[in-house]
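Accompanying notes for the structure given below.
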Amino acid sequence: MSEAETNMEWCVSMPKVELHAHLNGSIRDSTLLELARVLGEKGVIVFSDVEHVILKNDRSLRDVFKLFDLIHVLTTDHTTVTRITKEVIEDFASENVVYLELRTTPKKNDSIGMTKRSYLEAVMEGLRAVSTVDVAFPAHNVDAGSPTKSLPVNDMCNGPTRKKIYVRLLLSIDRRESTAAAMETVKLALEMKDLGVVGIDLSGNPVVGEWNTFLPALQFARENGLYITLHCGEVPNPKEIQAMLDFSPRRIGHACYFEEDDWKKLKSNNIPVEICLTSNIVTASVSSLDAHHFANLYSGKHPLVLCTDDAGVFSTSLSSEYNLAASAFGLGKRELFLLAKNAIEFIFASDGVKQDLRRTFDLASNKMDL
Ligand SMILES: CNc1ncnc2c1ncn2[C@@H]1O[C@H](COP(=O)(O)O)[C@@H](O)[C@H]1O
Ligand SMILES: [Zn+2]
């Protein structure tokens, strides 16, 4: 193996920044199966019917959204929301993700007394429940407000330094929601702003809903200081793509079905793109890695960040996404490291956090054999 060649172990040891991860899409298969078994025993579902759905690997975009409906049945109650949040953070931290923006759709479920607020409180409880790593989160006492020490990463050679991960939350608006429901989510985000909620995401089945339904809530969010990221161009919808780019979000996810005018607008507005390679290939939003827009954006030095989207649903990890980019696009260690480090510039957290993360990468770079 040549000096510059990467491998999975190296990608795991590299510090990384994750900016596009859906909570309910990032659950371990083992947890989903365990939850399904329990609901099977209670007679709520038939375990054998859902087992193969959970373990299936190739999924169309339609299958993915059917799977989310099933996952949401498995994770309905507050205790489970807390548990999956804890596990998802621990899983990202275990592969040296040092900053995580975790997004989730606040859910209301009258039958179990769940409000959007109590859902979010259950998520925050999950952040506090993390035990394998220190979580830097404003609502937690290992606070990141005035960071003094850089995060220990890649500590394999340094013995038992305790890892730390910054976590911030984005609240997702589901495209099935009404303007009023979207507004409720934005108001909740504003109430929880001091507790680590930094922005709003628009996601959900891309063939459902109209841009104009969400626009008032997104405008209101932005006017009140929340950052916005949009799922944009996951399916061909030229009018919506143009309207979304005209809105000038802080970042967008995917950008798969872009036409020439869309690229022009994206590039002239310098909007960073969250790239989810495995997700795009599995859902066939892009036909192959050779045809993926990563290559063009990367060579044009357009701001971009590699992300997982749904590490559980697509059986991937952030380290695998970096490893995949290395092999598909011929990136060496140094290029991967700079790509990972550059993601700091697009995070929705404070300059203090950015500075601390830059220090973390600089310290790691000495040990990373670049
Ligand atoms: C594959 N590409 C995708 N495109 C659009 N939306 C997606 C998505 N992957 C996930 N979600 C959105 O995230 C929800 C699950 O997490 P939460 O319940 O919010 O934690 C899904 O129901 C969907 O609305
Ligand atoms: Zn997504």
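These numbers come from a predicted model, not from an experiment. Order of appearance sets the numbers: ligands from 1, and atoms from 1 within every ligand.
A heavy-atom distance below 4.5 Å is found between the side chains of Leu331 and Phe294. Side-chain contact between Val186 and Leu226 is present, with heavy atoms from C-beta onward closer than 4.5 Å.
Salt-bridge check for Arg251 with Glu101: passed, with a basic side-chain N closer than 4.0 Å to an acidic carboxylate O. A salt bridge links Glu345 to Arg358: at least one charged side-chain nitrogen sits closer than 4.0 Å to a carboxylate oxygen. Asp134 and Lys163 are not joined by a salt bridge, as no carboxylate oxygen comes within less than 4.0 angstrom of a charged side-chain nitrogen. For Glu184 and Lys107, the salt-bridge test fails: no basic side-chain N is under 4.0 Å from an acidic carboxylate O. For the pair Glu90 and Lys86, the salt-bridge criterion is met [side-chain N within less than 4.0 Å of a carboxylate O]. A salt bridge does not link Arg103 to Glu18: none of the charged side-chain nitrogens sits closer than 4.0 Å to a carboxylate oxygen.
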Worksheet item: Between Glu259 and Lys265, does a salt bridge (charged side-chain N to carboxylate O under 4.0 Å, His left out) hold up when you go through it step by step?
Response: CA-CA 10 Å; Glu259 290 168 9; Lys265 208 167 263 185; over 6 Å; no
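If you look at ligand 1, the protein residues with a non-hydrogen atom under 4.0 Å away are His22, Leu23, Asn24, Phe65, Phe68, His72, Thr104, Thr105, Lys107, Asp174, Ser203, Gly204, His231, Glu234, Ser279, Asp309, Asp310, Phe314.
Listed by chain and residue number, the protein N/O/S atoms under 2.8 Å of the Zn ion (ligand 2) are His20 NE2, His22 NE2, His231 NE2, Asp309 OD1, with waters left out.
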